[in-house]
There are 2 protein chains.
Amino acid sequence: MGTVDKALSLLDFFSESRPEIGLSELARMAGYDKATVLRLMTALADRGFVEQNVKTRDFRLGPALLRLAHIREASLPQRASAQPILERMSAESGETVHLLLLGKNHLETIDFIEASAHAMRVYMDAGERIPLHASASGLACLAHMPVEEARTALSGALRSYTDHTITDASRILSHLDNVRKTGIAEIDQAFEDGVYGMAGPIFASDGSVTGAVGIATPSSRVTDAFRSKAHKIIRKAASDITRAWGGVAPEAGNEETAA
Amino acid sequence: MGTVDKALSLLDFFSESRPEIGLSELARMAGYDKATVLRLMTALADRGFVEQNVKTRDFRLGPALLRLAHIREASLPQRASAQPILERMSAESGETVHLLLLGKNHLETIDFIEASAHAMRVYMDAGERIPLHASASGLACLAHMPVEEARTALSGALRSYTDHTITDASRILSHLDNVRKTGIAEIDQAFEDGVYGMAGPIFASDGSVTGAVGIATPSSRVTDAFRSKAHKIIRKAASDITRAWGGVAPEAGNEETAA
DNA sequence: ACCAGCGGTTCAAATATTAAACCGATAGAT
DNA sequence: ATCTATCGGTTTAATATTTGAACCGCTGGT
């Protein structure tokens, strides 16, 4: 396997709740040799992708990431242009809302707003990576990509996150028809216990799916009335963001055949 | 040299003014073989650090950068906490202001606000990398790092950006005394023609310099009156940001001896 | 005073990286 | 309509880099 991939994979161990990691621990987490991790991290540090806490020598994500994110956002302002739409979703639903972009085999969280209306709410970690098979947003994406792609995306071993996670690829695939019909993917406690997720797809200019917007609620608060209200909010938001990003939703019925 | 370093170096060719680059051209720019660049870019794309425009197959920076930047900013909100101070600087000076973080051998632009008061203003590219030896901010940093570090930072070949760029390390080093005395680094047209720069250092909690804030003005507009006004604004901003980030300015006179 | 764990270094063995030639496809010029 | 140059991408044998076990000195807890 590539060295570059190994180096980049190390960055994924950092999160909002775990912003600093020492050398030995990182090596343990990643399953690489300590010397290897040191060399990789040194390379990353030389380019500013990570930096070291001078006191503890622990690593944390570096300033180069801010710089590069800034460049991307300057030429492709997805986050900024979606923000008012997310805010409207948040205000209308009162629940935690989030915006995800479709990566190679997972979703990248690029923005979210936590629930304002309830003391009990769904919390999110900044910059989480979300699996396709165990989230409403993931299902929304899978449902709208070419079937072959979806099949290969689900071909590996599917990790179970809760008792409710569906790890059988064919069962997931058979759900997708319904997602396509309603335009909304819905799933209960597949990624986190007690969290109910609903999401809709966002499309690029060529009609392919590029991400998803969704609402995350405590499962205990979900009623049919709330669900249908949430569906409306999500459908509107997904279509607004698609438009804001210069995308177009494919004609219904045409999309599965897209190669 | 490391493969990881090569891969990461490719990301630096993307900028606000050049957000998408094709394979062959990137290979030419970087001076690497096309096959090599392809492999490296594929590795980066697999992790979402770059993505390909499906139409043109050109590369652009990817969504993973947004995600990781989000994580860093969530646990170390430097940009957010400095923003009001930058805004005040911008309002008070009427000129373009910027905030840079010190990386391994250069500065990373993490935020800026372009001049509001003048039609002729200094424009900045989002996410530029700035050399230490050819910018006021760079001199501000060099002046406040341990002398040995500054000397090694200037030991390589110093690139000339304009006719005014000083490329002689010892001449730069001898300027630094004055920077330390006044707390402000100042330089005319060292990085871009017609741009006059002034900047002050930002310190970390251990008293080491971690970045700089500065003002960039068209050289033609600089007067002594403006300079002394700008110095005041910068000194205040630098000290406010240092404090906002939990840093402390070292005692004057003690800092050069810090090892 | 000890021990366990830390960050970091070393070097021979193992493995991944490289670059030139080549491919089919595309687009502009003649 | 045909040529030509360039594109993105693939293959190969030759090569340079990566790897990991053992080891270092150091620090903090018992």
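Because only heavy atoms are used, hydrogens play no part in the values below, and waters and symmetry mates are left out as well, while side chains stay in.
Pairing each heavy atom of A:A244 with each of A:I85, the nearest pair is CB-CD1, 4.4 Å. Nearest heavy atom pair, residue A:F14 against residue A:R60, reads CE2-CA, 3.9 Å.
D:dT18 atom P lies 12 Å from atom CG of A:L44, rounded to whole Å. Here C:dG8 presents its C1' atom at 10 Å from CZ of A:F59, a figure rounded to the nearest Å. A:L26 places its CG atom 14 Å from the C1' atom of C:dC6, with the value rounded to the nearest Å. If you take CG of B:D58 and P of D:dT6, they are 17 Å apart, rounded to a whole angstrom. Atom CG in A:L40 sits about 14 Å away from atom P in C:dA16, given to the nearest Å. Between B:E20 atom CD and D:dG8 atom C1' the separation is 15 Å, expressed in whole Å. Between the CZ atom of A:R39 and the P atom of C:dC11 there is a distance of 16 Å, given to the nearest Å. Per the geometry, CE belonging to B:M41 stands 14 Å off C1' belonging to D:dG9, to the nearest Å.
Heavy-atom nearest nucleotides on DNA chain C were determined for A:S24 and for B:D33, and the one closer to the 5' end corresponds to A:S24.
Look at B:T36 and you won't find any side-chain N or O under 4.0 angstrom from OP1 or OP2 of C:dT17. Put simply, B:T3 has no side-chain N or O that comes within less than 4.0 Å of OP1 or OP2 on C:dA16. Close to D:dT19, at under 4.0 Å from its OP1 or OP2, lies a side-chain N or O of A:K6. Close to D:dC7, at under 4.0 Å from its OP1 or OP2, lies a side-chain N or O of B:R28.
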Exercise. What do the steps show when you test A:N53 against A:F59 for side-chain contact (heavy atoms from CB on, under 4.5 Å), and what is the final call?
Worked result: CA-CA 6 Å; A:N53 182 321; A:F59 293 96; over 6 Å; no
For this session: Assess whether salt bridge (Lys or Arg N to Asp or Glu O under 4.0 Å) is satisfied between A:K55 and A:E20, documenting all intermediate values.
Result: CA-CA 12 Å; A:K55 264 219 193 72; A:E20 298 206 342; over 6 Å; no
For this session: Between protein and nucleotides 22-27 of chain C, map the contacts as a letter string: B base, S sugar-phosphate only, - none, heavy atoms under 4.0 Å, written 5' to 3'.
Result: ------
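Picking from D:dG20, D:dG9, D:dT18 the nucleotide with the shortest atom distance to the side chain of A:A35 gives D:dG20. When each of C:dT18, C:dG7, C:dA16 is scored by its nearest atom to the side-chain atoms of A:L23, the top-ranked nucleotide is C:dG7. When distances are taken from the side chain of B:R57 to each of D:dG8, D:dG20, C:dG8, the shortest belongs to D:dG8.
Aromatic ring pairs are classed by plane angle as parallel below 30°, tilted from 30° to 60° and perpendicular above 60°; the pair A:F112 and B:H70 is parallel.
The backbone N or O of B:A204 lies less than 3.5 Å from no partner atom in the side chain of B:W245, so there is not a single donor-acceptor pair.
Results of the side chain to side chain donor-acceptor pair (under 3.5 Å) test with A:R67 over B:T109, B:D111, B:D12 single out B:D12 as the only residue that passes.
Across all strands, A:E25 comes closer than 4.0 Å to no nucleic acid atom at all (heavy-atom distances).
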